[in-house]
Amino acid sequence: MSDRDPSLSTRDPEMARLIADENRREHETLRLIASENYASRAVIEATGSVLTNKYSEGYAKKRYYEGQEVIDQVEELAISRLKELFGRTAHGDKADIHVNVQPYSGSPANLAVYLAFCKPGDTVMGLALPAGGHLTHGHAVSITGKYFKSVPYGVRKEDHRIDMDEVRSLAKEHKPKLLWAGTTAYPRTLDWQAFRSIADEVGAILACDIAHISGLVAAGVHPSPIGIADVVTSTTHKTFRGPRGGMIFCKKAHADAIDKAVFPGLQGGPHNAATAGIAVAAKEALDPAFVDYAKAVVENAKHLAQKLVDRGFAVTTGGTDNHLMLVDMTSKGTTGKVASKALDKAGIVLNYNAVPFDPRKPFDPSGIRLGTAAVTARGMGRPEMDKLAAWMDEVAKAPADEGLLARIAGEIRELCNGFPAPGIRLG
Ligand code: DSN
């Protein structure tokens, strides 16, 4: 059998080597991209299983192909675990939570919301991308900005926080069909009730995108919009620590519209191996240790933000309430791109990012974004955040000093050896 079905390293040594290289890279660098994490070995095993072979268009007990006796259980297990997990911190009637685990990722989940509730040309509102929103919340280059009339709201110039007065006045003026609350680069707690009351004042559907913070929401470390919003979307691979995928929570009154929008509206067969990985991640998040993890993510982020402020970094809003922070590198005499490329060489992996009211272009902006979800998954804490702030300071002062970058990369490799990452297999 092994001759007919050889292992990856025998069948395709080139790809096996690339995967080994990525294992090593992920082991020996500090992963600070705020939207990334380490999925556990168990999640990776489920995601790399034979479940990938099966087509199962439809939903449990209503499929378009035979042979679903296992897949139905996989999907139902994922849904029941997510209901239990997110029901813990949801508002109102826990029995009124419907879950769809079939979106391929966060963007398709968000598109399903448009398909369920809007017609092309309808007005939608979301946080502007340069202020920390997401492409699919109506940005001009996204289908959501091309097929819908998008009215973006922003953050205040003085404190870079979402201006709920602006949201209300724009909503009253433009009467959106759909109001998005959700962010990809915003370090502060979102006031779901405030969004709810604005949506109610203008008769809008309220959709909350918790892709970045779903692990924090599940753990009760960030307030939950479930039970407040009409619909809540998320990816499954950020603070939630699952495989790449998407999920949608909604009130039962919207279940039919959401399910039909996902399939057959937007997608064909669900990615069943990803669904299994989501179920495993939900089981892991139901463990009390996950609450400790989520609290540690936020504590590390707050600590790191303060250490960066102490070293003269311009952290937007002065700190963070969640897992991420945005830093304007202008005061350090450099740009986001120069800094992120130099930090990458030094083993500190993050992304360049626009900061609010950034005078520079999105492909060469002023800031960087970083988050603590992945380093916390390795067990790192305050002492490692202190070291990280010191290394970042050194790099920011001399981003072209190749010797310095190589020295720090070596120190980080050594640090990482003491903090094995979940799911990483060094061959
Ligand atoms: N690409 C994700 C992020 O980095 O925030 C959002 O989809």
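Starting from 1, each residue takes its place in the sequence as its number. Order of listing sets the numbers, starting from 1, for every ligand and every atom in it. Since this is a predicted model, take the numbers as computed values, not measurements.
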- Using the side-chain contact (heavy atoms from CB on, under 4.5 Å) rule, take Cys208 and Trp192 through it: C-alpha gap first, then chi angles, then the decisive distance, then the call. CA-CA 8 Å; Cys208 297; Trp192 308 122; 3.5 Å; yes
- Start with the C-alpha gap between Leu111 and Tyr147, add the side-chain angles, then the distance that decides, and say whether side-chain contact (heavy atoms from CB on, under 4.5 Å) holds. CA-CA 11 Å; Leu111 289 184; Tyr147 285 24; over 6 Å; no
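Looking at ligand 1, you won't find any N or O of Thr184 less than 3.5 Å from one of its N or O atoms.
Residues passing the ring pair (Phe, Tyr, Trp, His ring centres under 6.0 Å) test with Tyr293 are Phe290, sequence neighbours excluded.
Listed by first then second residue, pairs satisfying ring pair (Phe, Tyr, Trp, His ring centres under 6.0 Å) with a partner in residues 243-281 read Tyr64-Phe263, Phe86-Phe249, Tyr104-His271, Phe117-His254, not counting sequence neighbours.
Not a single heavy atom of Glu36 sits under 4.0 Å from any atom of ligand 1.
Within the 4.0 Å cut-off (strictly below), a protein heavy atom is located near atom 7 (O) of ligand 1.
For atom 5 (O) of ligand 1, the nearest non-hydrogen atom of the protein is His212 NE2, 2.7 Å.
Counting heavy atoms from C-beta on, the side chains of Leu343 and Ile368 come closer than 4.5 Å.
Near Ser35, meaning under 4.0 Å from one of its heavy atoms, ligand 1 places the atoms 3 (C), 4 (O), 5 (O).
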